[in-house]
Amino acid sequence: MTPRPGITPSTILSATVAGLSPVLGMIAIYITLRGHNAPGGGFAGGLIVGIILVLRYLTDGPDALRRLPVDPVVLIGVGLGVAVLTGMAPLVVGESFMESAIWKFDLPLIGSVKVVSSAIFDLGVFILVSGVVAAILVALSEADDEARRGLDDRPGRSGSQGVDR
Amino acid sequence: MLLLLLAYGTTAAVCLVGHRRLGAAAFPLATLPHLATLVWLVSVAGGVLDGTPVTAELAWVDALDLSITLRLDGFGLLMGLLVAGIGALVSVFSVGYFSADHDRARIAGLLTAFAGAMLGLVWSDGLLTLFVFWELTSVASFLLIGTDDRSATARAAALRALLVTGTGGLSLLAGLILLGIASGEWTISGVLAADPTGGLVSAALVLVLFGTATKSAQVPFQFWLPGAMAAPTPVSAYLHSATMVKAGIVVVARLAPVFADDAPWRPIIVVCGVASILLGGVRSLRQQDAKLALAHGTVSQLGLIMVLVGLGTPATTFAGVAVLLAHALFKASWFLSVGAVDHVTGTRDLRRLHGVRRLPVLAATIVLAAASMAAIPPTLGFVTKEGALEALLEGGAGWTGTLALVGVVAGSVLTVAYTIRLAVGVLGNDTDGSHANELHTPGPALLVPPALLAAAGLVAGLAAAPVGGFLARVAASLDPAAGDSALYLWHGLTPALGLSALVLAGGFGLWWISRPATREAAAPRSASTVAYDRAYEALLSGSRRITGSTQSGSLPLYLGIVLLSIAAATGAALAVDRGLLDVSSFPIANSPLEVAICLVTALSSLGVILARQRFGAALALGGSGYLLALVFLLQGAPDLAVTQFLVETVTVAVYVLVLARLPQRFSSAPAWAPLGVRIALSVVVGLSVAGFALHASTAREAPSVAEEYLRRSEPEAGGRNVVNVILVDFRGFDTLGEITVLAIAGAGVVNLVAAARREQRRKHLDDGTDVEDLSGRSPGVWR
Amino acid sequence: MSLVQAGLVAVLFSVGTFLVLHRSLTRIILGIGLLGNGVNLLILTAGSRPGDAPILGTGSDPTDPVPQALVLTAIVIGLAVVAFLLSMAYRSWTIDGNDVVEDDLSDRRIAAEPDVAQDFGDET
């Protein structure tokens with residue numbers, strides 16, 4: 001793996017970011033879920049996922065975005081699907097579109113937990129925004145990659161051809 | 001009723017969608033809705049003729065009080081029988097006429113769609129319903145005339161027909177709306193009952209008559225109809241003789257009994273109608289193409305019917321309805337016969353046709369249809385023409401009635417002459433022996449429909465009394481006073497009979513005299529066609545001049561003009577509406593910190609301009625964005641601050657990704673305006689927007705909905721962050737739309753980049769520098 | 001809305017307008033980004049007065065949450081729009097090797113010879 005020219009690769013940095021990513025991911029989900037009562041929400045959460053990807057890109061180069069476990073376009077679809085289904089769920093029980101419901105549970109140890117159906121909607125927003133940002137970053141990083149190949153392929157600079165595979 | 005229209009729509013859709021598979025099965029399929037309509041019409045006929053119309057209503061746009069309102073009365077029954085009956089016969093005929101070379105399913109689908117629209121038109125009671133169906137028939141006609149879309153003539157004819165009838169349709173719409181406003185009623189029956197009067201109504205009637213004249217090919221708009229003969233013959237028989245061109249007559253017939261006495265009505269109708277009668281007749285005499293001769297004859301006949309129903313006295317209304325029926329029967333028969341002749345001999349040229357008389361059924365059909373067209377007893381053509389003369393002699397419509405009588409008599413002479421010429425042209429020449437084998441006997445599908453129509457004309461003429469009784473009940477739905485009219489095969493020795501004899505003799509004489517002159521005559525282009533062509537050309541070149549003088553093609557210039565206009569318009573509107581802005585009424589700043597942050601943000605924004613390199617500019621933009629997050633925070637919007645901060649981070653990354661591979665410096669394209677002008681324009685826009693914002697911040701007149709949201713947030717949505725609650729709950733539907741926008745933008749980026757990558761890859765392959773397989777490198781579905 | 005805020009709106013719009021009027025596609029995109037920020041600031045400051053965050057239980061004087069909800073999605077959509085435009089710039093660059101917005105050639109042609117019938121589907 002060859003990093004971007006002009007950016008010094010740092011194994012330590014790379015490892016740190018790789019280790020931090022799951023933590024940041026948890027934070028993103030937390031920000032999303034707490035959005036109902038404090039600053040945050042699906043938009044902010046999704047953007048944090050985007051920032052994780054930016055960090056990975058900076059440390060590991062375009063490869064990091066190429067090895068995503070999920071196709072971002074699938075994420076966009078899933079997110080939109082979750083949001084629409086949450087909106088339509090009340091129709092099944094005869095309520096109007098997007099009507100929200102509040103459920104309260106008494107769980108042992110944790111105590112009273114309140115779940116609001118619109119939180120699921122927000123989760124859909126989160127998935128979708130993650131997917132959109134990821135799709136944009138993946139697409140443009142590949143564009144970047146391709147463009148570099150275009151430049152590098154010019155006569156006299158053929159030394160780097162294909163090295164970043 | 002609505003179900004029937006739906007059946008037409010469905011059949012049309014099936015034919016058009018499945019047109020590759022249907023092929024020959026399309027026309028048999030297309031007869032089904034016609035048969036269903038016929039059965040239904042017969043089943044309700046009794047009640048309808050007794051004066052209880054069938055109505056149906058389908059709410060369309062409730063908020064605008066728009067609905068599809070249908071009403072089947074006696075006249076609608078007659079028109080429905082004609083549309084469905086001739087439609088079924090035309091479909092049968094088409095089975096034999098069209099070969100596999102034609103896109104049969106497309107023609108069948110369009111014919112069916114047209115038939116549905118036409119039925120909707122004749123059954124419409126709602127004024128706007130009428131207009132919608134009216135335009136649908138125009139569109140179907142356009143598509144059908146242009147069936148042969150490789151022929152420039154056919155395309156031009158189709159376009160001309162569409163433009164003329166479309167313009168007329170708009171005029172009709174304007175007229176109908178004025179009628180609706182004048183009477184406060186939006187159904188035809190309501191308007192007739194209200195019988196509004198006044199200048200508005202006169203204007204409305206002129207507009208309506210303009211529309212009906214275009215549709216029914218009346219002078220001076222008659223020129224599109226002969227051109228429409230570029231359509232296949234069954235189409236011409238159906239649309240351009242039996243049904244569509246009657247649409248104008250239908251509207252006139254419905255309005256005439258009430259509005260004929262209004263000032264502009266009778267002069268317009270009678271002058272245009274008589275001109276059409278004479279012009280169509282004269283032109284028909286000079287055509288060598290049998291179909292074109294029939295088309296000009298149709299103009300003439302339509303003029304006759306228009307004059308009759310337009311005069312609006314009970315007698316003429318009844319006569320008009322009767323002639324309408326007779327004309328539909330003999331003209332459709334004629335057209336189909338000519339189609340069959342064309343099919344058999346391969347020509348419609350009156351100079352070259354020969355041997356048709358050897359086909360007994362076809363020849364008999366043509367003779368019968370000709371007899372009815374020339375009004376020779378005992379056909380329906382004679383009986384109804386007799387009735388028309390009778391009605392006109394009765395008077396009751398002032399000088400216009402007299403003019404109409406003279407016009408009709410002269411027109412009838414012409415009709416007799418061109419009918420004899422046509423019949424002789426088609427049947428007169430026997431084969432000269434050498435071509436005897438060219439003729440093949442047409443199949444029953446080609447022979448039976450026209451023969452049935454022609455025979456119906458004869459039988460109805462013989463059975464004048466019951467047919468007359470039926471037609472009287474039909475006419476009664478237009479004008480109750482017409483209910484006791486009757487048709488007679490033998491009136492006794494009346495002036496009308498004398499006129500009829502005179503007409504027959506005159507027509508024969510005219511034909512005999514004009515034979516040498518019309519044998520080789522080439523038809524001149526009509527003056528209205530020339531005028532139409534000039535107007536069309538002028539429109540096109542005028543558009544080009546306007547485009548040339550206003551569109552310089554420079555995007556920045558356009559933007560500059562647009563922005564300046566917005567600044568000037570909003571500035572002027574604000575100054576006029578609310579006076580000059582009193583700057584002193586606003587606080588300078590909400591806090592000292594705000595001053596500092598806003599200042600730095602502004603400087604960072606200016607940095608975007610000053611940066612010489614793209615990276616510098618992108619970083620300055622990012623800095624400006626981060627600082628803006630602080631401004632949001634100060635305003636009391638932590639959610640916005642968080643989002644802005646995160647977005648700015650991703651934005652900078654995106655910029656860097658793309659800009660990294662574009663040239664480092666900005667390209668130095670020539671500017672479209674001097675620097676000073678651009679700066680001045682920008683400052684003006686900025687200041688006017690700021691002024692607008694200050695105005696807006698004091699413009700609140702009602703309390704914000706915020707109070708409501710703040711109050712309901714916790715109990716109803718279970719959330720304390722009201723911004724988030726608004727997004728995912730109160731206004732969740734909006735958010736759904738917005739994330740859809742996001743999804744689309746994301747998909748757009750993915751596809752644009754994929755397209756660009758393909759481009760690059762091809763370049764590489766062309767250069768021979770890249771032979772690697774680039775597929776399978778990312779988990780994208782966009783490859 | 002304070003005058004300082006209005007001044008910032010004016011600067012953002014002026015700079016954005018100036019950039020949008022360039023021929024360089026990247027400058028135009030930067031300008032659109034600034035204009036977007038300007039609009040967001042305008043809606044927020046013209047639509048609500050400064051106050052505590054509209055989070056129940058945290059402040060005594062909550063500000064109007066409605067403009068905030070409007071602007072929040074606008075910010076994220078702004079990101080998507082900028083990304084979209086950038087990929088368009090990239091596409092344009094792969095096609096003709098620069099990012100300049102050219103004049104529309106067919107407009108130029110019509111301006112030069114308005115009377116010459118061109119291929120607009122005229123019937124002849």
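The sequence lines fix the lettering, A, B, ..., with proteins before strands; numbering per chain opens at 1.
C/Leu44 touches chain B through backbone and side chain together, each having a heavy atom under 4.5 Å away. For a residue to count as touching a neighbouring chain, one of its non-hydrogen atoms must lie under 4.5 Å from one of that chain's; by this rule B/Phe730 does not touch chain C. Only the side chain of B/Ile726 comes within contact range of chain C, with heavy atoms under 4.5 Å apart. With a 4.5 Å cut-off on non-hydrogen atoms, C/Val20 touches chain B through its backbone and its side chain both. Only the side chain of C/Leu12 comes within contact range of chain B, with at least one heavy atom under 4.5 Å from a heavy atom of that chain. Looking at C/Ile29, both its backbone and its side chain come within 4.5 Å of chain B, counting heavy atoms on both sides. Neither the backbone nor the side chain of B/Ile739 comes within contact range of chain C; no heavy atoms are under 4.5 Å apart. Residue contact with chain B, scored on non-hydrogen atoms closer than 4.5 Å, involves the backbone and the side chain of C/Asn37 alike. The parts of B/Val723 that come within reach of chain C are both its backbone and its side chain, each placing non-hydrogen atoms under 4.5 angstrom from that chain. Heavy atoms of C/Val4 lying under 4.5 Å from chain B belong to its backbone as well as its side chain. Both the backbone and the side chain of B/Phe586 come within less than 4.5 Å of a heavy atom in chain C. In this structure, the portions of B/Leu640 lying under 4.5 Å from any heavy atom of chain C include both its backbone and its side chain. For B/Val654, the parts lying near chain C are the backbone and the side chain together; criterion is any non-hydrogen pair under 4.5 Å. Looking at B/Leu563, only its side chain comes within 4.5 Å of chain C, counting heavy atoms on both sides. With a threshold of 4.5 angstrom between heavy atoms, C/Leu8 approaches chain B through side-chain atoms but not through N, CA, C or O. Interface residue C/Leu19: only side-chain heavy atoms are found under 4.5 Å from chain B.
Listed for the C/Thr63 side chain is no donor-acceptor partner under 3.5 Å among the backbone atoms of C/Pro50. A donor-acceptor pair under 3.5 Å is absent between the side-chain atoms of B/Thr643 and the main chain of C/Leu72, judged by distance alone. A donor-acceptor pair is defined here as one N or O able to donate and one able to accept, closer than 3.5 Å; such a pair exists between the side chain of B/Gln635 and the backbone of C/Ser48. For the pair B/Asn721 (side chain) and C/Ile55 (backbone), a donor-acceptor distance under 3.5 Å is absent. In this structure, the side chain of B/Ser713 does not engage the main chain of B/Arg720 through any donor-acceptor pair within 3.5 Å. A donor-acceptor pair is defined here as one N or O able to donate and one able to accept, closer than 3.5 Å; no such pair exists between the side chain of C/Ser2 and the backbone of B/Ala589. Under the 3.5 Å distance criterion, the side-chain polar atoms of B/Asp729 are left unmatched by any main-chain donor or acceptor of B/Val725.
Ranked by non-hydrogen atom pairs under 4.5 Å with chain B, the options C/Arg91, C/Met88, C/Gln5 are led by C/Arg91. Contact tally against chain B (heavy-atom pairs below 4.5 Å) for C/Val81, C/Leu42, C/Ile77, C/Ile43: the top residue is C/Ile77. In terms of heavy-atom pairs under 4.5 angstrom with chain B, the leader among C/Gly16, C/Ala46, C/Pro62 is C/Ala46. Ranking C/Ala6, C/Ala80, C/Ala69, C/Gly78 against chain B, the residue ahead of the rest is C/Ala69, based on heavy-atom pairs under 4.5 Å. Per-residue counts of heavy-atom pairs under 4.5 Å with chain B were compared for C/Val9, C/Leu70, C/Leu85, C/Val76; the largest is that of C/Val76. The most heavy-atom pairs under 4.5 Å with chain C, out of B/Leu687, B/Thr651, B/Thr698, come from B/Thr651. Options B/Gly625, B/Gly636, B/Ala618, B/Ala745 differ in how many heavy-atom pairs under 4.5 Å they form with chain C, and the most are formed by B/Gly636.
Annotation for B/Ile588: atom CD1 does not count as buried by contact number, only 12 or fewer foreign heavy atoms lying within 6.0 Å.
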